[in-house]
Structure formats: structure tokens, C-alpha cells
Amino acid sequence: MAGRPSSQAQIETLRAKGYVVVPGFVAAEGRAALMAAARAQLAAHVAPLEFEADLQYPGAPPSHTAAGGDTVRRLLDAYGREPQFAAWAAAPALREWMQAYFREEVLMSRAHHNCLMTKHPRYGSMTGWHRDIRFWSFEREDLVSVWLALGEERNENGALWLVPGSHTMAFDADRFDAAKFFRTDLADNAEIIRRAESPRLAPGDALFFHCNTLHSAGKNLSDAVKFSLVYTYHGRSNAAKAGTRSASKPEVPLAGAGIGEVR
Ligand SMILES: O=C(O)CCC(=O)C(=O)O
């Protein structure tokens with residue numbers, strides 16, 4: 001479409017900045033169908049679920065029996081739980097985009113992310129500054145997640161904050177705490193965090209971000225649950241390390257068209 005950056009330009013932005021928003025990646029009808037499926041899955045509390053009380057991030061209920069203790073954070077295994085979610089994970093447009101980024105055949109991991117993220121008013125917690133590489137054990141630190149906004153995402157309802165260029169910054173291990181959150185008590189870290197941006201996402205927008213991009217998210221101060229579908233991809237030459245959680249589940253190869261530059 002005239003006036004919009006090409007996919008290749010978006011990929012270059014991801015390489016340079018560590019993230020990029022692709023507006024309207026999913027058209028209205030498909031996005032509405034995904035949202036309807038997401039609402040139905042949440043309403044029925046379809047397992048497997050991860051609860052805010054499981055993670056104990058700031059603002060989470062202290063236990064499963066406390067007020068809000070049944071607040072869902074992630075509906076796990078999005079790929080396995082809903083055919084529409086699976087179809088989106090391997091959709092041709094997404095496959096082409098990822099193949100153009102990795103310049104090889106692409107696999108989707110089912111070991112982490114692979115979820116419908118929800119952020120609830122009141123009991124949805126804050127997520128501290130981190131790099132998603134903390135979840136992964138791969139030969140190379142080169143994975144890309146796609147975060148599909150099923151509804152609007154803005155600072156007030158807990159949208160992501162990301163630090164541009166942080167995916168290429170080198171940090172000593174002591175810049176992170178024991179849980180691999182980027183420490184906010186260090187002046188040098190605070191200076192980096194000050195550069196963060198929170199891109200507003202419209203329903204159907206996709207945020208692509210690198211596994212080393214520092215990001216965080218606040219609480220949902222609105223009165224509506226926020227829904228996002230999140231998957232992570234890597235190139236075939238970048239294997240999960242044997243015996244780790246990353247290698248614990250069969251991956252999904254994104255088979256199909258040839259590898260090359262996209263529009
Ligand atoms: O929505 C949030 O609170 C942040 C989620 C996130 O960064 C993650 O799951 O890695």
C-alpha cells in the first residue's frame with residue numbers, strides 16, 4: 001500500500017531498533033474472529049492456564065485463594081488450544097515475514113510464549129524490565145516474538161514499554177537480578193530505561209521484537225481485559241540446547257513458499 005513501509009523496511013527497523021510495529025497485520029474480520037475465540041477460551045477457563053498468583057509479579061494477588069486469585073495471566077499453548085490460533089501462528093504472511101528476517105527456514109517454539117496473554121483490570125500485574133532471552137536456551141541469541149494486539153493496547157491498559165536499540169547492548173550479569181530482571185536500582189540502568197517507548201497498538205497491529213530487547217509492562221488501569229496472542233520464532237540453524245526447557249516440546253516448522261525478500 002502506498003505510503004506504508006515495505007516488509008523489508010519493517011525488518012530493517014527490527015534489526016536496527018529491536019522492535020517494529022506493523023499496523024493492521026491482521027485484517028478486521030480475522031482479528032474479530034481471533035478475539036471472539038480468545039474471549040470464549042477465557043470465559044470457559046480452558047486449561048492449561050497460568051495465573052497471576054503463580055508468578056507473584058508486583059500487583060498480583062498473594063495466593064490462589066485471595067481476592068482475584070483466579071485471575072488468568074496466560075492461556076498457555078495457544079497453538080494447541082484453538083485451530084484459529086494455530087492457523088495464525090503459521091499464517092503465510094507471518095511465515096514470509098519471519099523467513100525474510102531469518103533468511104532461512106523458520107520454526108515456532110511451543111516451549112514458551114505460545115500463549116494468549118491477558119492483562120486484567122485490578123489484578124493484572126506489572127512486569128519488570130527484562131529480555132525474553134531469559135526464557136530461552138538456544139545456540140544463538142536470535143529469536144523474534146510477534147505480539148498480536150487483539151484489542152487496543154496503550155499505556156493505560158498495560159501496553160508494553162521497550163527500549164530502542166537495547167537488543168544489541170552488552171550488559172554484565174550483575175546488571176540483572178537473580179530472576180534476570182534488569183535492575184532499576186542502578187543509575188546506569190535507569191538511564192537506559194528512560195529511553196523506553198510504549199507504542200500504541202490498534203486492534204490487529206503486530207509488534208515484532210527481538211529476544212534481547214529490554215521491555216516491561218504496567219498494570220491495566222482500564223476496566224476491560226487486554227488480549228494479545230504471542231508466539232516466538234527462530235531460524236532452523238539456531239537449535240535449542242539439548243536438555244533445556246527450550247528443547248522440551250516439538251517445534252512447528254513454518255513450511256511453505258521459498259525463502260527470500262518480501263514486499
Ligand atoms: O504484558 C506484560 O505484562 C508483559 C509480558 C512480557 O513481557 C512477557 O511475558 O515476557
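Counting convention: from 1, in listed order, for ligands and their atoms alike.
- At least one heavy atom of W147 lies less than 4.0 angstrom from ligand 1.
- Counting protein heavy atoms only, atom 5 (C) of ligand 1 is closest to M117 CE, 3.5 Å.
- Counting heavy atoms closer than 4.0 Å to ligand 1, residue H112 contributes nothing at all.
- Salt-bridge annotation for D142 and R140: absent, with no side-chain N of the basic residue lying under 4.0 Å from a carboxylate O of the acidic one.
- Remark: the N212 side chain and the E141 side chain contain an N/O donor-acceptor pair separated by less than 3.5 Å.
- Residue contacts with ligand 1: K226 is placed with no nitrogen or oxygen under 3.5 Å of a nitrogen or oxygen of the ligand (distance criterion only).
- Taking the six-membered ring where the residue is Trp, the centroids of H215 and F209 are separated by under 6.0 Å.
- The pair R15-E12 meets the salt-bridge criterion, since a charged nitrogen lies less than 4.0 angstrom from a carboxylate oxygen.
- Counting heavy atoms under 4.0 Å from ligand 1, residue D132 touches it through the side chain alone.
- Below 4.0 Å from some heavy atom of A217 lie the following atoms of ligand 1, by number and element: 1 (O), 2 (C), 3 (O), 4 (C).
- Proximity to H130 (heavy-atom distance under 4.0 Å) selects the following atoms of ligand 1: 6 (C), 7 (O), 8 (C), 10 (O).
- The protein heavy atom nearest to atom 8 (C) of ligand 1 is R74 NH2, 3.6 Å.
- Residue H215 has at least one N or O atom closer than 3.5 Å to an N or O atom of ligand 1.
- Using a 4.0 Å cut-off between heavy atoms, M126 makes no contact with ligand 1 at all.
- In summary, the atoms of ligand 1 found under 4.0 Å from a heavy atom of L160, numbered by their order in the structure, are 4 (C).
- Using the six-membered ring where Trp is involved, H130 and F181 have ring planes that are perpendicular, over 60° apart on the 30 and 60° scheme.
- The closest protein non-hydrogen atom to atom 3 (O) of ligand 1 is T127 OG1, 2.5 Å.
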TODO: Determine, step by step, whether E153 and K226 satisfy the salt bridge (charged side-chain N to carboxylate O under 4.0 Å, His left out) criterion, reporting the C-alpha distance in whole Å, the side-chain angles of both residues, the deciding distance to 0.1 Å, and the verdict.
DONE: CA-CA 7 Å; E153 304 207 13; K226 181 168 77 61; 3.2 Å; yes

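- Two rings, from F102 and H234, have their centers 6.0 Å or more apart.
- With no hydrogens or angles considered, a side-chain donor-acceptor pair links T127 and R73 at under 3.5 Å.
- Residue F135 approaches ligand 1 through these ligand atoms, each under 4.0 Å from one of its heavy atoms: 10 (O).
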